[in-house]
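The structure appears right after this line, and notes come after that.
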Amino acid sequence: MKILVTGGAGFIGSNFIHYWLEKHPEDEIINFDVLTYAGNLENFKTIENNPKYKFIKGDVCDRDAVFAAVKDVDVVVHYAAETHVDRSIMDPSAFVRSNVLGTQVLLDAVKEYGKRFHHVSTDEVFGALGPEDPAFNEKTPYDPRSPYSASKAAADHLVRAYFHTYGIKMTISNCSNNYGRYMFPEKVLPLFIANLMEDKKVPLYGDGLQVRDWIHTLDHARGVDMILQKGKIGETYCLGGDNELTNMELTKTLLKVMDKDESYIEYVKDRPGHDRRYAVDFSKAKNELGWEPQIKFEDGLKDMVDWYKDNQEWVNRCRDGSYKDYYEKQYIIR
Ligand code: NAD
Ligand code: TYD
């Protein structure tokens with residue numbers, strides 16, 4: 001099988017590619033990525049010479065490039081997107097372009113060539129939960145609140161519209177917050193790990209009592225694998241980590257793993273429109289696919305911290321490029 005992975009040079013895509021080539025060495029992977037600040041080809045050093053892996057530098061909004069790439073494969077797994085909520089608050093335009101228009105271009109190509117399409121989405125499309133609300137599931141109405149989640153919601157709607165209107169062979173997954181290796185140090189966990197490695201404080205937004213559900217990215221990769229194998233065309237699957245933590249709990253756990261005390265927490269201004277709680281009910285994936293998360297948070301977090309410690313140069317290179325320029329202009333003083 002030949003798989004086109006869009007956005008494969010980012011955090012989750014890189015992990016998916018490594019997972020797939022290890023698990024299915026007979027398959028071919030084409031990584032199609034425009035290499036924004038978040039895309040990093042260093043992540044593929046160990047498989048550069050693997051004849052089953054190929055990279056194409058391309059933009060999902062570029063119709064000719066997308067049609068040429070899609071024509072040549074069996075399956076498309078679509079990860080490419082702008083993904084950081086804080087950036088979407090600063091400037092939504094790149095999010096609408098890549099996440100909405102880019103998805104539509106891909107859908108046109110998939111429709112033209114009759115290819116199988118899996119769309120990777122987020123639980124953030126469902127909005128925010130109160131403390132007692134039941135977790136999100138596949139029937140939860142959409143209620144996105146940030147420009148990021150609104151752009152992902154628009155993309156999800158387009159994917160379903162192409163299924164109902166044109167009969168494309170699609171599935172969607174809505175997954176909770178991922179963590180693991182190769183995560184660009186701007187989202188909370190890798191940012192905090194990178195700061196602590198430099199003996200700097202970690203900026204906790206607002207009261208730190210917002211809740212996220214954390215899933216290891218290799219559990220997510222296995223979920224996408226199982227959807228490709230057993231998922232029903234036209235269906236959506238929610239994937240979660242069964243691991244709800246407040247940001248405060250997350251931070252304190254990390255401080256312990258990194259041998260730091262709570263004086264490293266710096267309370268900073270809250271994110272505008274900050275969603276209070278995300279949680280995912282993954283019983284459909286469990287019952288229909290036999291999928292459930294397997295990696296224990298303590299083990300996954302320890303592996304992640306060790307990887308960042310062993311790859312300080314990777315972190316430094318992320319931090320001295322566009323990353324730094326961006327944070328100097330941020331609305332939060334760090
Ligand atoms: P990331 O920001 O680390 O990587 C995104 C990748 O997409 C980068 O390599 C970037 O270069 C590429 N890209 C962006 N715009 C592109 C374009 N126009 N054309 C081609 N490539 C482009 O993101 P991530 O955290 O790995 O997320 C991957 C996907 O998973 C996204 O669709 C995201 O919405 C979804 N998701 C993420 C999480 C999470 O916790 N990070 C959770 C659920 C779902
Ligand atoms: P983030 O990693 O940006 O993911 P998302 O917004 O997609 O869930 O943020 C996770 C949580 O951590 C979120 O509640 C915001 C919070 N946060 C901080 O407290 N400080 C930070 O510096 C960042 C980046 C996030």
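Note that this is a predicted model, so its numbers are computed, not measured. Whatever order the structure lists ligands and atoms in, that order sets their numbers, starting from 1.
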- Salt bridge between K152 and D123, side-chain N to carboxylate O under 4.0 Å? no
- Message: When you compare ligand 2 with Y205, is there at least one nitrogen or oxygen pair between them that comes in under 3.5 angstrom?
- Response: yes
- Ionic contact status for D225 with K23, cut-off 4.0 Å: yes
- Heteroatom proximity flag, N247 to ligand 2, N/O under 3.5 Å: yes
- Query: For ligand 1, what are the residues with a heavy-atom contact below 4.0 Å?
  - Reply: G7, A9, G10, F11, I12, D33, V34, L35, T36, A38, G39, G58, D59, V60, Y79, A80, A81, T83, S98, V120, S121, T122, Y148, K152, C175, S176, N177, N178, K187
- Return yes or no for this condition: an N or O of R212 is under 3.5 Å from an N or O of ligand 2. yes
- Query: Does R271, backbone or side chain, put an N or O under 3.5 Å from an N or O of ligand 2?
  - Reply: yes
- Query: Can you say whether the rings of F136 and F126 are parallel (under 30°), tilted (30 to 60°) or perpendicular (over 60°)?
  - Reply: tilted
- Message: Would you say the ring centers of Y182 and H18 fall short of 6.0 Å from each other?
- Response: yes
- Task: Check whether any N or O atom of V188, backbone or side chain, sits under 3.5 Å from an N or O atom of ligand 2, and answer yes or no.
- Result: yes
- Task: Say whether N177, considering both its backbone and side-chain N or O atoms, lies within less than 3.5 Å of an N or O atom on ligand 2.
- Result: yes
- Going by the angle between their ring planes, with limits at 30° and 60°, are F117 and H119 parallel, tilted or perpendicular? parallel
Please tabulate, for the side chains in residues 68-77, all donor-acceptor contacts under 3.5 angstrom to protein atoms that are two or more places apart in sequence or on a different chain.
| unit_1 | atom_1 | unit_2 | atom_2 | d |
| --- | --- | --- | --- | --- |
| D72 | OD2 | K2 | NZ | 3.1 |
| D74 | OD2 | K2 | N | 2.6 |

- Message: I'd like to check whether L191 has a polar contact with ligand 2, where a contact means an N/O of the residue lying under 3.5 Å from an N/O of the ligand.
- Response: no
- Task: Answer yes if the ring centres of F44 and Y53 are under 6.0 angstrom apart, and no otherwise.
- Result: yes
- Message: E124 versus ligand 2: do any nitrogen or oxygen atoms come within less than 3.5 Å of each other?
- Response: yes
